[in-house]
Amino acid sequence: MKKGLLSGIILIAIGAFTIYWAMDHSPNASIGEKVNDLLKEDAYRMSEAWYYTSLVAGSIIALLGVRNLLKS
């Protein structure tokens with residue numbers, strides 16, 4: 001497998017996971033999700049700054065992966 005193809009797939013996976021993780025821990029949760037978080041032991045919500053930072057970082061990582069795929 002080509003190096004660019006493998007690194008592109010890995011970067012896309014990391015970027016997609018980062019975006020999914022940020023959206024799953026969004027500070028803009030509904031009331032029902034916030035109440036559900038109170039019942040869980042390990043649930044938390046990110047601050048808005050880290051939420052948007054994670055979204056931007058995940059997007060950049062995924063775009064770099066797409067670039068590597070297209071170059072290979």
Side-chain angles (χ1 to χ4, degrees):
M1 188 179 278
K2 292 183 181 178
K3 182 181 176 185
L5 182 66
L6 182 61
S7 68
I9 291 171
I10 291 172
L11 285 174
I12 290 172
I14 291 171
F17 175 76
T18 305
I19 292 170
Y20 167 76
W21 183 78
M23 294 185 77
D24 192 42
H25 296 90
S26 169
N28 305 324
S30 67
I31 298 289
E33 290 175 348
K34 288 182 180 179
V35 169
N36 192 22
D37 287 347
L38 291 175
L39 301 175
K40 294 181 184 178
E41 279 186 31
D42 58 350
Y44 68 96
R45 295 284 163 192
M46 296 168 61
S47 68
E48 274 195 52
W50 282 110
Y51 171 69
Y52 290 115
T53 302
S54 298
L55 286 178
V56 169
S59 300
I60 291 171
I61 292 169
L63 286 174
L64 288 173
V66 170
R67 186 194 68 167
N68 284 354
L69 277 178
L70 294 176
K71 284 175 74 175
S72 66

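Atom set for the values below is all heavy atoms of this structure, side chains included, hydrogens, waters and symmetry mates excluded.
Note that the CG atom of L69 and the CG atom of L64 stand 11.5 Å from one another [nearest 0.5 Å]. Within the model, atoms CG of D24 and OG of S54 stand 12.0 Å from one another, a figure rounded to the nearest 0.5 Å. Atom NE2 of H25 sits about 8.5 Å away from atom CE of M46, to the nearest 0.5 Å. In this structure, I10 CD1 and L6 CG are separated by 4.0 Å, a value rounded to the nearest 0.5 Å. Put simply, OH on Y52 and OG on S26 are 7.0 Å apart, with the number rounded to the nearest 0.5 Å. Considering CZ of F17 and CD1 of I61, their distance stands at 11.5 Å, rounded to 0.5 Å.
Both L70 and L5 are part of a single hydrophobic cluster, where members link through side-chain heavy atoms under 4.5 Å apart. By the rule that hydrophobic residues join a cluster once side-chain heavy atoms approach within less than 4.5 Å of another member, L55 and L63 end up as members of separate clusters.
Proximity of R67 to L11: side-chain heavy atoms (C-beta onward) are nowhere separated by under 4.5 Å.
Counting all heavy atoms, side chain and backbone alike, N68 lies closest to S7 at ND2-OG, 3.2 Å.
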